[in-house]
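Note: hydrogens, waters and symmetry copies are ignored here, and every other heavy atom, side chains too, is used.
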Amino acid sequence: MKLLLIEDDPTMQTTLRRSFERRGMQVLGCDDGARALALWQASLPDAVLLDLSLPGLDGLEVLSQARAAGLTTPVIILTARGTVGDRILGLNTGADDYLPKPFDLDELEARLRALVRRSANAAQSTPVWCGMHADKDSGAVYFEDQPLELAPRELALLRALLGKPGHAIAKERLFELVFPGESQVQPEAIEVVAYRLRKKIAHTGAQLVTLRGLGYLLKSEP
């Protein structure tokens, strides 16, 4: 199991990392919200442990943007915020489970493995369009059963467009999904990602079309 641990307390992160590595897991650690979201998109972990109190982006905002970007990875929230209201808010934002601190490591591991098993048994892919489909579990996009070799931002853009093939999606919305929490990036950067993606999917029979004033859409070649 590949686990993404998003926790800004260095002692807690070290303790959890060592514990889960001893249990045979691969652990990726991050202590900042914006960087964690980028790492999540790039690494496509099997599960995420998410603290709510993070620098950069708050944990709930990280989760909200991840779900908006199509990342369906199972998430357990770990936090000292233990009120019922906080738990409900986290679950409504897209978390799969919630464990208040302090917690038992054996219970946490059991919950993690149960979530990953349920995720593996769920539907694995979106409908095929132009020979392409997005795998819901791994996040990868396949063309004729072969994964497309895409950079993380290209992958995020293609997944967003595959969600509504044939329909225009505004540049502003796509920018939020491709560059989540990256306030220093210029809006025009989405055009560079679209240009690179257009070349990489040219062989699939799908066209990435720019609609002035509206955004981008995917359509099949005539």
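The CG atom of Leu5 lies 9.5 Å from the CE atom of Met12; values are rounded to the nearest 0.5 Å. Between Leu211 atom CG and Ile169 atom CD1 the span is 11.0 Å, to the nearest 0.5 Å. Atom CG of Leu105 sits about 10.5 Å away from atom CD of Glu107, to the nearest 0.5 Å. Rounding to the nearest 0.5 angstrom, the gap separating the CD1 atom in Ile201 from the CG atom in Leu158 is 5.5 Å. How far SG of Cys30 is from CG of Asp51: 12.0 Å, rounded to the nearest 0.5 Å. The CG atom of Leu60 sits 4.5 Å away from the OG1 atom of Thr93 when rounded to the nearest 0.5 Å.
When atom types are taken as modelled, the side chain of Ser43 and the backbone of Leu39 share a donor-acceptor pair closer than 3.5 angstrom. Under the 3.5 Å distance criterion, the side-chain polar atoms of Asp46 are matched with a main-chain donor or acceptor of Lys2. For Thr15 (side chain) and Thr11 (main-chain N/O), a donor-acceptor pair under 3.5 Å exists by modelled atom type. Not a single donor-acceptor pair under 3.5 Å links the side chain of Glu144 to the backbone N or O of Gly131.
No chain of hydrophobic side-chain contacts below 4.5 Å, direct or via other Ile, Leu, Val, Met, Phe, Trp or Tyr residues, connects Tyr195 to Leu217. Connection of Leu197 to Met132 is established within a shared hydrophobic cluster, with ILVMFWY side chains joined at heavy-atom distances below 4.5 Å, either directly or through further cluster members. A single hydrophobic cluster is seen to contain both Leu52 and Leu4, as judged by linkage of ILVMFWY side chains at heavy-atom distances under 4.5 Å, directly or through other members. Note: the hydrophobic cluster containing Val192 does not contain Leu174 (ILVMFWY, side chain heavy atoms under 4.5 Å, direct or indirect links).
The stretch residues 199-215 participates, sequence neighbours left out, in these salt bridge (Lys or Arg N to Asp or Glu O under 4.0 Å) pairs: Glu154-Lys200. Applying the ring-ring contact (aromatic ring centres under 6.0 Å, His included) test to every pair with at least one member in residues 33-80, sequence neighbours left out, gives no pairs at all. For residues 153-176, the pairs satisfying ring-ring contact (aromatic ring centres under 6.0 Å, His included) are Phe175-Phe179, with sequence neighbours left out.
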Test side-chain contact (heavy atoms from CB on, under 4.5 Å) applied to Leu28 and Leu3, step by step
CA-CA 6 Å; Leu28 306 174; Leu3 176 65; over 6 Å; no
* Should Val116 and Met1 be marked as a side-chain contact (heavy atoms from CB on, under 4.5 Å) after you check the CA-CA gap, both sets of side-chain angles, and the distance that decides it? -> CA-CA 9 Å; Val116 172; Met1 182 193 303; 3.9 Å; yes
* To do: Would you sort out whether Leu78 and Lys101 count as a side-chain contact (heavy atoms from CB on, under 4.5 Å), showing the intermediate values?
  => CA-CA 6 Å; Leu78 302 177; Lys101 300 174 182 177; 4.3 Å; yes
TODO: Given side-chain contact (heavy atoms from CB on, under 4.5 Å), test Gln26 with Glu21 step by step and report yes or no.
DONE: CA-CA 6 Å; Gln26 178 187 353; Glu21 286 177 344; over 6 Å; no
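For the pair Leu99 and Leu108, the minimum side-chain heavy-atom distance is below 4.5 Å. A heavy-atom distance below 4.5 Å is found between the side chains of Leu218 and Leu162. Between Ile190 and Pro187, every side-chain heavy-atom pair lies at or beyond the 4.5 Å cut-off. Contact annotation: the side chain of Leu63 approaches that of Val75 to within less than 4.5 Å [non-hydrogen atoms, C-beta and beyond].
Looking at residues two or more places apart in sequence or on another chain, you find a side-chain contact (heavy atoms from CB on, under 4.5 Å) between Pro147 and Tyr142. Among residues two or more places apart in sequence or in another chain, the side-chain contact (heavy atoms from CB on, under 4.5 Å) test is passed with Glu109 by Phe20, Arg23, Met25, Arg113. Applying the side-chain contact (heavy atoms from CB on, under 4.5 Å) rule to Ala194 yields the partners Leu157, Leu208, Tyr216; only residues at least two apart in sequence or on another chain are considered.
Contact detail for Val141 and Ala134: the closest heavy-atom pair is CG2-CB, 4.1 Å. Of all heavy-atom pairs spanning Ala68 and Arg173, the tightest one is CB-NH2, 3.3 Å. Smallest separation of non-hydrogen atoms from Gly29 and Gln13: CA-OE1, 3.6 Å. Across Asp96 and Leu91, no two heavy atoms sit closer than the pair C-CD2, 4.1 Å. Here the closest non-hydrogen pair linking Ile77 and Ala95 is CD1-CB, 3.6 Å. Nearest heavy-atom pair, Ala160 versus Leu177, reported as atom, atom and distance to 0.1 Å: CB-CD1, 3.7 Å.
Look at Asp97 and Arg111 and you find a salt bridge, because one of the NZ, NE, NH1 or NH2 atoms lies within 4.0 Å of a carboxylate O, short of that distance.
Atom CD of Glu188 has more than 12 heavy atoms from other residues, nucleotides or ligands within 6.0 Å.
Evaluated for a side-chain contact (heavy atoms from CB on, under 4.5 Å) with Leu54, the options Asp58, Leu50, Leu57 yield exactly one hit, Leu50.
Not less than 6.0 angstrom separates the ring centroid of His133 from the ring centroid of Phe143.
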